[in-house]
Amino acid sequence: MIQLPQKVAVGSAHGKLILVGEHAVVYDRPAIAIPFPLIKVKATIQEIYGSIRIESEFFHGPIHSLPEKLQGIAICILETLTALNKPRTGLLIRLRSTIPLGRGLGSSAAIAIALVRSLYTFYGGEVRQTELMALVHLAELHAHGNPSGIDMAAVSSECPILFQKGKSPNPLQIGAPLHLVVADSGRIGDTHAAVTSVRERYILNPARIQASLDRIGWIAKDSRAALSLGNMELLGKLLNFAQDELIELGVSDKGINKLIDVARKAGAMGAKLTGGGRGGCVLAIASSQAHSKVLANAFLKVGALQTWNFSLEGMR
Ligand code: PMV
């Protein structure tokens with residue numbers, strides 16, 4: 001492989017948190033997602049001789065050797081080159097990410113967004129949001145099976161959004177600072193499997209699951225109002241109700257429930273899993289930045305792999 005001393009282009013994307021509404025959003029209920037700028041993916045493009053190569057923590061080699069699980073990345077790169085009318089060859093693509101994989105923090109969507117942005121920048125083009133979403137959707141179809149689209153909307157947004165499938169995301173107002181603590185259980189969750197398991201429950205017991213999905217939808221709507229009013233105590237209670245519904249849907253597990261219990265005992269205003277569940281991360285609302293540190297320590301004490309303290313300032 002001979003590297004040519006030529007132009008380099010960079011594209012990036014941040015992670016995301018689903019505040020409320022995961023799983024129900026697949027069934028057209030509204031959900032709230034928040035950009036999570038503490039974790040990021042950066043894609044760097046450079047010209048080389050030969051075929052397209054990828055260098056990352058999880059894969060090194062030519063694009064055609066990407067394993068089945070990562071085929072979404074190959075599809076995204078190749079379809080972006082087709083959209084740009086450029087040859088599917090002669091590129092070195094480096095991926096660097098601080099978004100842990102499979103934790104419900106948007107890693108697959110952020111990788112795809114960073115790739116599309118970097119390729120457009122490399123060829124001097126500007127990608128429109130609709131094009132970006134269409135290309136990233138191809139990668140997400142592979143990663144998730146039946147994605148609602150909330151991940152790619154959230155990782156490409158600079159503000160919190162109310163998301164509903166098939167509609168343009170609505171930017172949200174926040175009436176007071178929101179202090180969040182995110183804890184990584186250290187266990188990889190399989191969103192594809194979790195979404196499939198909810199579908200199976202739905203088929204077995206449609207009335208019961210439908211009712212649970214409806215309640216999550218109402219909780220998401222009330223959470224929007226609580227956020228806008230800056231009533232974080234109410235928001236916390238709503239997140240706790242949402243967690244009960246996620247248990248009902250079968251996507252929480254013992255380890256996640258334990259982290260949530262610890263957060264509540266340490267005074268969290270509310271706590272729930274975030275993302276697909278069955279592993280992955282939980283989020284908790286703290287009453288202040290100082291309280292965030294208390295919650296983070298409580299999580300670490302019971303074995304969380306890592307935590308992030310994150311405050312969203314009030315914005316109108
Ligand atoms: O990618 P995750 O694990 O954050 O899950 C996305 C949210 C789900 O509602 C579970 C799936 C979807 O496509 O909306």
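In listed order, ligands and their atoms are each counted from 1.
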Problem set entry | Identified side chain to side chain contact (heavy atoms under 4.5 Å, CB included) partner of Leu227 from the options Ile34, Leu235, Leu234 | Leu235
Problem set entry | Electrostatic pair Asp190:Arg278 at N-O distance under 4.0 angstrom | no
Exercise. Given that the side chain starts at C-beta and the backbone is N, CA, C, O, which of these parts of Ile18 lies under 4.0 Å from ligand 1, counting heavy atoms, or is it both or neither?
Worked result: side chain
Problem set entry | Side-chain ion pair, Arg88 and Glu79, N-O less than 4.0 Å | yes
For this session: Just need the protein heavy atom nearest to atom 11 (C) of ligand 1, so name the residue and atom and give the distance.
Result: Val26 CG2, 3.8 Å
Problem set entry | Salt-bridge contact Glu57-Arg94 (side-chain N to carboxylate O under 4.0 Å) | no
Exercise. Under 3.5 Å, N or O to N or O, is Val195 touching ligand 1 that way?
Worked result: no
Exercise. What atoms of ligand 1 come closer than 4.0 angstrom to any heavy atom of Pro147?
Worked result: 13 (O)
Exercise. What's the shortest distance from atom 9 (O) of ligand 1 to any protein heavy atom, and which residue and atom give it?
Worked result: His23 N, 2.8 Å
Exercise. What pair of heavy atoms forms the shortest contact from Ala263 to Ala271, and how long is it?
Worked result: CB-CB, 4.0 Å
Problem set entry | Non-hydrogen atom of Glu140 closer than 4.0 Å to ligand 1 | no
Seminar exercise, completed: Only one of Leu66, Ile45, Ile52 passes side chain to side chain contact (heavy atoms under 4.5 Å, CB included) with Ile77, and that residue is Ile52
For this session: For Ile150, counting its heavy atoms only, list the atoms of ligand 1 lying under 4.0 Å from any of them.
Result: 14 (O)
Problem set entry | atom 4 (O) of ligand 1: nearest protein contact (heavy atom, Å) | Lys16 NZ, 2.4 Å
Exercise. What's the shortest distance from atom 14 (O) of ligand 1 to any protein heavy atom, and which residue and atom give it?
Worked result: Ser148 OG, 2.5 Å
For this session: Within a distance under 4.0 Å of any heavy atom of Gly104, pick out the atoms of ligand 1 and give their elements.
Result: 2 (P), 3 (O), 4 (O)
Problem set entry | Electrostatic pair Arg103:Asp184 at N-O distance under 4.0 angstrom | yes
Seminar exercise, completed: the protein heavy atom lying closest to atom 1 (O) of ligand 1 turns out to be Asp151 OD2, 2.6 Å
Problem set entry | Element-labelled atoms of ligand 1 that are located less than 4.0 Å from some non-hydrogen atom of Glu22 | 9 (O)
For this session: Indicate the ring-plane relationship of Tyr202 and Tyr27, choosing parallel, tilted or perpendicular according to the 30° and 60° boundaries.
Result: parallel
For this session: Could you say whether the N/O atoms of Thr191 and ligand 1 ever approach to under 3.5 Å?
Result: yes
For this session: Pull out every atom of ligand 1 sitting under 4.0 Å from any heavy atom of Val25, numbered as shown with elements.
Result: 9 (O), 14 (O)
For this session: Run the salt-bridge test on Asp244 and Arg215 with the 4.0 Å N-O cut-off and return the result as yes or no.
Result: no
